[in-house]
*Asks:* 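Here it is, the structure, as structure tokens.
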Amino acid sequence: MTRLFAALGFGVAALFVLSLFIGPAGLTLGNSLHALFGLSDGPEGLIMQEIRLPRALLAVMVGLSLGMAGAAMQGYLRNPLAEPGLIGVSGAAALGAVLSIQTGLSAMAPLALPLAALAGALTGVLLILALAGPRGTSLTLILAGIAMSSMAAALTSLVLNLSPNPFAANEIVFWMMGSLADRAFVHVWLALPFMVVGWALLTSLGRGLDALTLGEDAAQTMGIRLGRLRLMLILGTASVVGAATAVAGAIGFVGLVVPHLLRGAVGARPSRLIWASALGGAAMVLAADIAVRLILPERDLKLGVLTALVGAPLFLHLVYKTRREMG
Amino acid sequence: MSCLSLDTLSVTLRGRQVLGDISLEIGAGELVGLIGPNGAGKTTLLRAALGLIPATGHSSLAAMAPEARARAAAWMPQAREIAWPVTVEALITLGRTPHLGFGQSPAPDDLARVDEVIGDLDLAALRHRRATNLSGGEQARVLLARALVQDTPLIMADEPIAGLDPAHQITTMRHFADLADSGRSVLVSLHDLGLAVRHCTRLLLLDQGRIVADGRPDAVLTQARLAETFGITAHLARTAQGPVFQPLDVVR
């Protein structure tokens, strides 16, 4: 177990460093290091500190968030097909961002888009709480989440449908693919508070999720307050997913595939999977973000497209493996 | 000392009363068998007593905070739910959850208790297997071990012996009897009246949501009541090897 966490931690650290040294500017290793620690003036310092460092940090933050939320969601619903987008908050955040592009707000102020996405996420989480709040069950949470995702997707399509401006439509489509290109430290500072709150909420769920392995009745009689657990799960997931969507757009498959990949390595215990999956998610997003810069660097390959391209076959392989184990 | 006290406990689901005015006390050292035909309300009674479903009236367990209740009664539901392929050992250790402080992992004492129950229930051979790969009967024994490890004065189990082989049915009932002898109490629902007669110190007969008889097994299982609630005739005899109960025929 310790070895797994050490390996994941080392992997994340190595990918983080690698991420800092890759980019179109083609800096040498020595130059990059000097620039990173502010020892060189000129464009290198700007590139390292204002472009590559926030990008790598955001990749870690988004990856941690998606991996952790995916593991928590699967643990709560006791279903390996659950993912953080299930509660509809990412869809609502995307709708907020799309509206800000469509109305031109995003062009007026640099932070209008992420702020609009956060407002969308907040509206989404309030709706989910109203529908599946203190008295809900896991089933009402799923149903409310599906209703909300569909609604947000329909409204997003409506915006595209009615968009008189082909450039805005184009921008919306590309934004929705998810990317970490051209982000700055302001994005880090915007997302970080929400994510820290979300991480704290989600990592506190371990014991309850472990107990839920035996079903809701058994967990409750082992002293777990299910209503509180569900509330913390919704708020935690909404904070991290809302913030991740606001700064990076829609990045799929990380929260679905990573917990699935690591489940066996942690003895299937949800409490450990939350941590392992957080590290695994960070590694996956860092790796994907490195890959989009190496493959077709001049075509601006989108991060969300790559995670889906890698994630879907991986998921198919896992389904195939599960089928063989069951059959 | 009373482990459970119910006072006019009633449950109404969708306008239909499924459990009516249940009042009873369970003291220390009792092995109480909850019997009754399908749909009589056995599971509803157990879950309402624990406070897992809304009910009117009073239940001493339902009135407790979840953390306190978890140290007063352990519950083994009928549905054998094991969501993830955890090891048998890890699953049984979950039963120690109510005894752990905030953020604390199981201490040597907790693990020693797990070892003890694994030995008692003859589960050593399954210890490192994945719980999801076990047979239904094996899973039932593992889930029972999880409830026992919780170390509560009262253990409530919903059909814990359904699906077990005869030897394990007998050893499970004997284990419950040993717990009762040691001063703890057990409330189990079961359909095997033969085992109920032999091992339980007291039977509760439930029919259409009401307790129709409560007392010593031979006093509860009279021919008239068997015909009325179960619709069967049966042979009940005292033998040198203890009481023997054999259902014979249906009367309806």
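Lettering follows sequence order; numbering is per chain, from 1.
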*Asks:* Please round to the nearest 0.5 Å and tell me the distance separating atom CZ of B:R146 and atom OG1 of A:T213.
*Replies:*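 It comes to 11.0 Å.
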*Asks:* Taking side chain as everything from C-beta outward and backbone as N, CA, C, O, which of these in B:A68 sits under 4.5 Å from a heavy atom of chain A? Side chain, backbone, both or neither.
*Replies:* neither
*Asks:* Quick one: list whatever passes salt bridge (Lys or Arg N to Asp or Glu O under 4.0 Å) with B:D110, sequence neighbours left out.
*Replies:*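 Expected list: B:R96.
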*Asks:* With a strict 4.5 Å heavy-atom criterion, list every residue of residues 40-57 of chain B that contacts chain A, or say none.
*Replies:*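 Answer by number: B:R47, B:L50, B:L52.
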*Asks:* Which distance, rounded to the nearest 0.5 Å, do you find between the CD of A:E216 and the CD of B:E81?
*Replies:* 8.0 Å
*Asks:* What heavy-atom pair brings B:W84 and A:A268 nearest, and what distance separates the two atoms?
*Replies:*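 Of all heavy-atom pairs spanning B:W84 and A:A268, the closest is CB-O, 3.6 Å.
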*Asks:* May I ask you to test the B:L143-A:L214 pair for a side-chain heavy-atom distance under 4.5 Å?
*Replies:*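 In short, these two side chains touch, coming nearer than 4.5 Å.
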*Asks:* For A:W199, does the CH2 atom have more than 12 heavy-atom neighbours from other residues, nucleotides or ligands under 6.0 Å away?
*Replies:* yes
*Asks:* Judged by atom type as modelled, is there a donor-acceptor pair below 3.5 Å linking the side chain of A:R269 to the main-chain atoms of B:A90?
*Replies:*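 Between the backbone of B:A90 and the side chain of A:R269 there is no qualifying donor-acceptor contact (under 3.5 Å).
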*Asks:* Filter on salt bridge (charged side-chain N to carboxylate O under 4.0 Å, His left out), then keep only pairs touching residues 232-242 of chain A, sequence neighbours left out; what's left?
*Replies:*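 Qualifying pairs: none.
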*Asks:* Can you tell me if A:R207 uses its side chain to pair, donor with acceptor, with the backbone of B:Q104 under 3.5 Å?
*Replies:* yes
*Asks:* Does the B:Q150 side chain pair with the main chain of A:T221, one donor and one acceptor, at a distance under 3.5 Å?
*Replies:* yes
*Asks:* Just to be sure I understand the criterion: a residue of residues 71-84 of chain A counts if one of its heavy atoms is under 4.5 Å from a heavy atom of chain B. Which ones qualify?
*Replies:*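 Expected list: A:Q74, A:G75, A:R78, A:N79, A:P80.
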*Asks:* In terms of heavy-atom proximity below 4.5 Å to chain A, should B:P77 be classed as side chain, backbone, both, or neither?
*Replies:*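 It is the side chain, since no backbone atom gets that close.
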